[in-house]
Amino acid sequence: MRITCPFCGERELGEFTYLGDAKPQRPAADAGEDAVYDYVYLRDNIAGVMSEHWYHGGGCRAWLKVTRNTLTHEISAVEPAAGAGAAKVGA
Amino acid sequence: MADFSWDIRSPLDRALVAGPYGAQGEAGVSLTEIRDFDLVQVMARRGKAGEMMKAATARFGVAAPETPKAIGTADATLIWSGPDQFLVLSKDGKHSIEALDSVFAGSASLSDQSHARALISVSGDKARAMLAKLSSIDLHPDVFGVGAAAATSMDHTSVTLWRGQDRADGQAVFDLLVFATFAASLWHTILDAAAEYGVTIGHSEDLA
């Protein structure tokens, strides 16, 4: 499998580290225990198209959001995760 | 208190043995460790990438790389190392961290990497063939021309690889920055990969 880093171009899998599901969003501080439990522990095990976080640690060290089909490994989109290139996130 | 002073030496001081190595005859690969350089990591602060680029242009007379490239100036090389960050490679304190401190004040964070990396220059007829064993980057001249750069891995070790100016005899030069503590390990791997082509090994104080 190869991932096309938006900063570096197409690279082999060995340069990347997998984090996991990119969907969970940190709940608000007053969201309650169930929401926090869900955010911290519960994950969907998707057979199909999934949004994932990958880290290009063996290259430009940017975090990426990769849209990948877990059945076919087909990658349909790769974009910088929020925070990749600190200067690009707000002022 | 006893007097103490640091013994400054290259991370390849022990591993590097100058002279021929591997197959006999004309060497296919030439390895030169470059010593005694200044290397500064420049990384834009949040929302300040534009300011950092302006400061770099004012300082170096050329725009700093925003894509994987190495840009040579009269007395420095600016090497892309990731989004909104680059390395400044120079000599004799011209662009040391002390010299750049005021240039990027407020726009970028600086980190002195002068003694944190080893710099290996690879050339020779078989340089590409040897590097192809270690790297998944396409080094064909049509793809990886003079000034091309990559933040990548070789033998599971992060490296910054770029193509410098060709040698006087027209041969391509590949420059390689590797973490000091990984330098000896990568050096041995490179020697293994290069042995079949014959190697000539040396070190130099010149960036060229």
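In what follows, chains carry the letters A, B, and so on, assigned in the order in which the sequence lines appear, proteins first and then strands, with residues in each chain numbered from 1. Source: prediction; values computed, not measured.
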Residue-level interface, residues 11-27 of chain A with chain B, non-hydrogen cut-off under 4.5 Å: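 Heavy-atom contacts from residues 11-27 of chain A to chain B are A:Arg11, A:Glu12, A:Glu15.
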
[atom1]/[X]: more than 12 non-hydrogen atoms of other groups inside 6.0 Å:
X        : atom1 : value
A:Lys65  : NZ    : no
B:Lys54  : NZ    : no
B:His156 : NE2   : no
B:Glu205 : CD    : yes
B:Phe182 : CZ    : no
B:Ile8   : CD1   : no
B:Gln171 : CD    : yes
A:Tyr37  : OH    : no

Locate the shortest heavy-atom distance separating [X] from [Y]; write the atom from each residue and the value.
X       : Y        : answer
A:Cys60 : B:Ala151 : N-CB, 4.0 Å
A:Phe7  : B:Pro83  : CE2-CB, 3.5 Å
A:Cys8  : B:Pro68  : CA-CG, 4.3 Å

Point-to-point distance, once rounded to the nearest 0.5 Å, from NE2 of A:His56 to OG of B:Ser153: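 So the NE2 of A:His56 and the OG of B:Ser153 are separated by 7.0 Å.
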
Inter-residue atom distance A:Glu10.CD - B:Ile137.CD1, 0.5 Å rounding: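 Separation between the atoms: 10.5 Å.
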
Selection from B:Gly82, B:Gly50, B:Ser136 maximising heavy-atom pairs under 4.5 Å formed with chain A: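 Ranked by heavy-atom pairs under 4.5 Å with chain A, first place is B:Ser136.
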
B:Thr67 versus chain A, the contacting section by heavy-atom distance below 4.5 Å: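 The answer is neither part of B:Thr67.
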
Set of side chain to side chain donor-acceptor pair (under 3.5 Å) partners for A:Trp54, sequence neighbours left out: A:Glu52

